[in-house]
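In what follows, a structure is listed as structure tokens, so that the remarks can point back to it.
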Amino acid sequence: MDTEFETVLPVYIVGDSHSLPYKNMVFREKWTGAFVMAHTKYIPGITAKDFYNPATGEFHPDFIAFLEYEGLVRNGRATHLSMDEVDFSIAKAVGQAVRPPLIMLTIGEIDVRGPIMQLLKDSHDFVPPFPTTLPVLDKPLVPWDLIDEAIEARLRPFAAGLEHLVRAGFKRVYVQSIVPPSRQEARVKELQSYECPVTVRTKLVQAYNWKLGAKVRSLNLVMVDRWNDLTADGLLRPEFDFDGVHVPPKGARLLLEGLIDDAIDSRGLVANHPRYELYYQMACGLNPFQAAKSNAT
Amino acid sequence: MAVGSMIRTATQRLKGGVNQALGALGYQLVRTETLGGLSGFFEPAPPSAAGVESRPAAVQPRRLTLLPAANAAPAMCTAHAPKFDPQKTPSQLADKIVEFQQNGVTVISTNPEKAATFRETESFDRDVSNRHSAWDWAGNSVAPYTKDLQTGIPSAALLDYLHGLFSGGDFDSFFRGVLGCPAQVANVRLVRSLPHETAGVGPQEWHSDGCPAGVIRGVLYLCDVDTQTGPFQYRDAGGKEHTVLGKTGDLLVFDATRLMHRGSPPSHKTRSAIDLVFMPRMPGEDMKIMVVGMNHWPADPFFVKLPKERAADQEAVAGRATSLY
Ligand SMILES: [Fe+2]
């Protein structure tokens with residue numbers, strides 16, 4: 001009997017420890033009924049600042065290693081857009097459609113918790129340039145431009161890395177927004193060795209996401225954001241308050257569904273033009289690899 | 001000179017002897033430079049298309065940059081068709097092939113009675129929501145992007161008719177002429193455009209389809225199309241606007257990437273048509289006609305899996321922005 005051949009839709013999720021709640025996650029999405037499966041890579045300590053080095057054009061080695069391991073990159077090239085005979089043979093052996101991969105980065109939370117939050121700790125508050133329901137505490141205020149510059153310093157290299165990814169042919173890259181921070185003040189103090197009130201921490205994450213979202217959109221990419229589902233009264237809902245840093249898998253699932261909801265309607269990006277070029281040439285009786293060889297010599 | 005050569009030969013013999021002796025004991029001795037030379041010498045040969053096995057490349061430091069790569073539609077979709085010569089390749093549709101090659105568009109008349117019958121028997125009973133969304137197909141949004149268009153799934157009779165029409169000698173030679181290879185049908189979609197006064201959206205706006213290489217489009221009119229029925233319009237290479245009026249049964253075939261075009265919004269009368277997507281077919285394969293609803297073309301022509309139709313999740317669809325990607 002002919003069994004139906006079904007494969008999962010992989011989503012490659014890579015970054016700091018916020019990639020961990022996605023580990024081994026699999027579910028059926030509601031649009032086509034396909035299984036979504038997270039392929040995760042935890043890169044300990046990776047930050048927005050060291051994801052990419054704009055001076056050298058180099059990515060974090062573990063990030064490239066992950067792309068290579070997953071077969072998304074070979075010899076510095078996006079394999080899905082390759083017209084190389086080796087990649088063609090690999091795709092043939094895999095026997096599945098070659099699509100631009102869905103990738104999500106979970107990077108930036110360490111930047112917020114570290115250098116940016118240090119500007120405020122429990123001694124200061126700030127007023128962001130966007131509306132928020134969170135209060136301004138009776139503390140001295142740090143001017144927005146200082147916060148803005150601190151975030152910018154971390155985001156600039158990250159955005160340059162995203163732009164490089166797009167140029168390399170990865171146009172279905174998502175960035176997970178920073179999740180709302182924990183309300184467990186004691187746990188946070190234990191983790192960070194300093195205090196910072198939850199409203200200030202949350203507002204800071206909002207500010208980071210606000211700037212991150214704008215940068216990501218300017219590159220025609222999407223920030224995955226389920227803030228309204230994860231919060232109540234402006235703060236993290238207790239059911240998603242897990243270990244003081246991460247959302248639990250059910251929160252991660254909400255975010256991954258957000259990615260899927262966007263991806264299902266961005267299928268204009270799905271067509272693989274280099275593969276059509278190969279197919280068309282072969283249908284016309286041409287040998288695309290022969291042409292490449294004689295061009296090379 | 002001769003002495004130097006003798007010494008080298010003796011050294012080679014000695015090395016050979018040592019290596020043989022070590023080899024017999026299961027060992028191998030290779031100097032670092034030799035190893036470097038060897039791995040440099042044995043660069044992996046390009047493997048044959050049949051196999052992916054190759055010698056492992058020399059260990060290199062990991063490359064941490066990524067090279068630029070484009071995934072863009074070509075400027076024209078029929079670049080590999082040789083210039084058509086009607087003397088060398090006689091065809092009933094030779095003048096249409098020449099016209100297509102010159103202008104990127106041609107109109108071929110087909111059986112008007114058949115077309116008129118299908119206008120009455122086919123059911124245009126759906127909105128343009130995409131019920132065949134699939135991760136392996138490029139296509140329209142899940143939620144309908146307009147109320148001015150209705151669609152439907154073609155009947156078996158219509159598919160039979162189209163299969164016969166496009167497999168016939170005339171169309172076979174036509175596709176070989178315009179594409180340079182045989183064609184198959186990646187999608188058949190019924191489209192009814194209702195008269196409206198508002199500006200057109202989606203296919204009724206000026207656009208280029210961004211079709212992949214080898215993919216061209218067709219519109220088979222199921223009614224007469226005059227200026228009030230929203231005729232097809234395109235801009236030629238010089239930017240001049242052309243309006244293609246048509247009779248029932250006329251089939252427009254065009255390069256939807258080469259030409260900016262639109263189905264102009266019908267002002268007074270309903271236009272019924274069949275939207276077609278043609279893509280290359282490997283010689284030796286059979287003509288196939290796929291029905292994929294509001295999708296356009298497969299993501300990867302080498303691995304094509306027909307998307308399943310699903311009942312729309314009304315609640316989920318209702319919450320969506322109704323935009324084209
Ligand atoms: Fe079009």
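Remember, it's a predicted structure, so these values are computed and weren't measured experimentally. Throughout, a chain's letter reflects where its sequence line sits, starting with A, and its residues are numbered from 1.
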Within this structure, what is the [atom1]-[atom2] distance for the pair [X] and [Y], rounded to the nearest 0.5 Å?
X	Y	atom1	atom2	value
A/Ile264	B/Trp135	CD1	CH2	4.0 Å
B/Asp136	A/Asn272	CG	CG	11.0 Å
A/Asp265	B/Ser141	CG	OG	5.0 Å
A/Asn53	B/Leu64	CG	CG	10.0 Å
A/Thr32	B/Lys308	OG1	NZ	9.0 Å

Could you give me the CA-CA distance, side-chain angles and deciding distance for B/Trp137 and A/Val270, then say whether side-chain contact (heavy atoms from CB on, under 4.5 Å) is met?
CA-CA 7 Å; B/Trp137 283 76; A/Val270 160; over 6 Å; no

For [X] and [Y], work out which heavy atoms get closest and say how close.
X	Y	answer
A/Glu6	B/Lys305	CA-NZ, 4.3 Å
B/Leu66	A/Ala168	CB-CB, 3.6 Å
B/Leu67	A/Asn75	CD1-O, 4.0 Å
A/Glu277	B/Ala213	OE1-CB, 3.4 Å
B/Asn71	A/Pro274	OD1-CD, 3.2 Å
B/Phe303	A/Ala97	CB-N, 3.6 Å

Contact origin within [X] toward chain B - heavy atom pairs under 4.5 Å:
X	answer
A/Gln96	backbone
A/Leu278	both
A/Val98	both

Select, from [options], the one with the greatest count of heavy-atom pairs under 4.5 Å involving chain B.
options	answer
A/Gly285, A/Gly33, A/Gly169, A/Ser82	A/Gly33
A/Phe59, A/Phe170, A/Phe63, A/Tyr276	A/Tyr276
A/Ile64, A/Val166, A/Leu165, A/Asp84	A/Ile64

Could you check whether atom [atom1] of [X] has more than 12 heavy atoms from other residues, nucleotides or ligands sitting under 6.0 Å from it?
X	atom1	value
B/Lys96	NZ	yes
B/Lys147	NZ	no
B/Arg281	CZ	yes

Tell me, side chain or backbone of [X] under 4.5 Å from chain A's heavy atoms, or both, or neither?
X	result
B/Ala70	backbone
B/Glu309	neither
B/Val215	side chain

I need the residue from [options] with the largest number of non-hydrogen atom pairs under 4.5 Å to chain A.
options	result
B/Pro298, B/Cys211, B/Ala79	B/Pro298
B/Cys181, B/Gly214, B/Pro280, B/Ala299	B/Ala299
B/Pro212, B/Pro301, B/Pro182	B/Pro301

Begin with the C-alpha distance, continue with both residues' side-chain angles, and end with the deciding distance and a verdict on side-chain contact (heavy atoms from CB on, under 4.5 Å) for A/Tyr279 and B/Met282.
CA-CA 8 Å; A/Tyr279 187 86; B/Met282 290 292 175; 3.5 Å; yes

Can A/Arg99 and B/Asp300 be counted as an ion pair, charged N to O under 4.0 angstrom?
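Salt bridge flag = no for B/Asp300 with A/Arg99.
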
Check B/Arg63 with A/Glu58, please: is the shortest side-chain N to carboxylate O separation under 4.0 Å?
no

